[in-house]
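Residue numbers start at 1 and run along the sequence shown. Just follow the structure's listing: the first ligand is 1, and inside any ligand the first atom is 1.
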Amino acid sequence: MRKAFKRILVFLLLVTTMLPATLLTACGHQHTFSSTWSFDDNYHWREATCEHDEVADRGLHQSATREEMEGDDIYDVVYCLICGKEMSRTLHVHTFDTDSWSSDEHQHWHSATCRHISLRIDLADHILETICFTIGGVDWDITRCTICGYEVARVEHIHTFSEEWAYDENQHWHPATCIHAHLTDSIGPHQFNYALVEENGELFDVYTCTECQFVLRVPHQHTFESKFAYDEDYHWHPCTCGHDDAVEKRPHIFSSHTYSDGDEIIYEEFCLDCGYVKTKMPI
Ligand SMILES: [Zn+2]
Ligand SMILES: [Zn+2]
Ligand SMILES: [Zn+2]
Ligand SMILES: [Zn+2]
Ligand SMILES: [Zn+2]
Ligand SMILES: [Zn+2]
Ligand SMILES: [Zn+2]
Ligand SMILES: [Zn+2]
């Protein structure tokens, strides 16, 4: 209804503005013409309303385009500016530039390429991601939208490292928390504290790094001096780890020999293992 009404309105406007002057014939008769237009595909005109076979205001249609709404649909209507004849009517489909994004500080969208330039589709907030790029030998943290590429920030990259230690058997370090995961800070050998720990009757050497949490725990091996100690009956290797219980005392294995010392012949009885001399006398 509205469409029809609008068309009539346009038509009436045209009629009032275009109302032709009446034409005088030689005999003084004044032809009169219809206030409504007649038309065919190409021309419009006014028919005479007197008895004469005359037309007035004949002319080619002058096309113009207007937009009409039908419900949610938009139609592009091509019509004659003069007579109002509708020459075509096509459903308008908005077109959008889906190959490139438009964006502002917060959002991106595809803009219309038809005359409805303010229309937007796929409107959404940027999805931001920060990636480190090396440009001209400098690392930059560039924050930009993963969808449209809009860049919101660019700052020079500074490596960051964990407060926590990472470690292996030999050393500890602070690992990078930035994308340069291979970088380390404060790398160095463990600084061990030693403790001897007994568990279920077994002894363990426990080395704990004072810097990181690394603990090396190995079964305790007693250590002994390479030199013998001895008394009259036994010889032994003294313990250097403080476990005197671990010391094994063995009886001397005696042997004897004689040797000359200047004018004297000396008889000596001694231990073959430790060298303890039990008897030494001239003979
Ligand atoms: Zn006439
Ligand atoms: Zn026309
Ligand atoms: Zn459009
Ligand atoms: Zn975006
Ligand atoms: Zn880094
Ligand atoms: Zn350590
Ligand atoms: Zn020991
Ligand atoms: Zn001995």
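For the pair Lys278 and Phe254, the distance from NZ or CZ to the six-membered ring centre is under 6.0 Å and the angle to the ring normal is within 45 degrees.
His159 places no side-chain N or O within donor-acceptor distance of the main-chain N or O of Ala176, the cut-off being under 3.5 Å.
Aromatic ring centroids of His237 and Phe228 lie under 6.0 Å apart. Between His61 and Tyr79, the gap from one ring centroid to the other reaches at least 6.0 Å. Ring centroids of Trp140 and His157 are separated by 6.0 Å or more, keeping the two rings apart. In this structure, the ring of Tyr276 has its center less than 6.0 angstrom from the ring center of His252. Aromatic rings of His106 and His126 (six-membered ring for Trp) have centroids beyond the 6.0 Å cut-off, not under it.
Minimum-distance N/O/S atom of His172 relative to the Zn ion (ligand 6): ND1. Between the Zn ion (ligand 6) and the N, O or S atoms of His190, the shortest distance is to ND1. The minimum distance between the Zn ion (ligand 4) and any N, O or S atom of His126 involves atom ND1.
Checked against Trp236 for a side chain to side chain contact (heavy atoms under 4.5 Å, CB included), the options Glu225, Glu248, Lys249 give a single hit: Lys249.
Centred on the Zn ion (ligand 4), the ND1 atom of His108 and the SG atom of Cys145 lie at an angle of 110°, reported to 10°.
Within the protein, the number of N, O or S atoms lying under 2.8 Å from the Zn ion (ligand 2) is 4.
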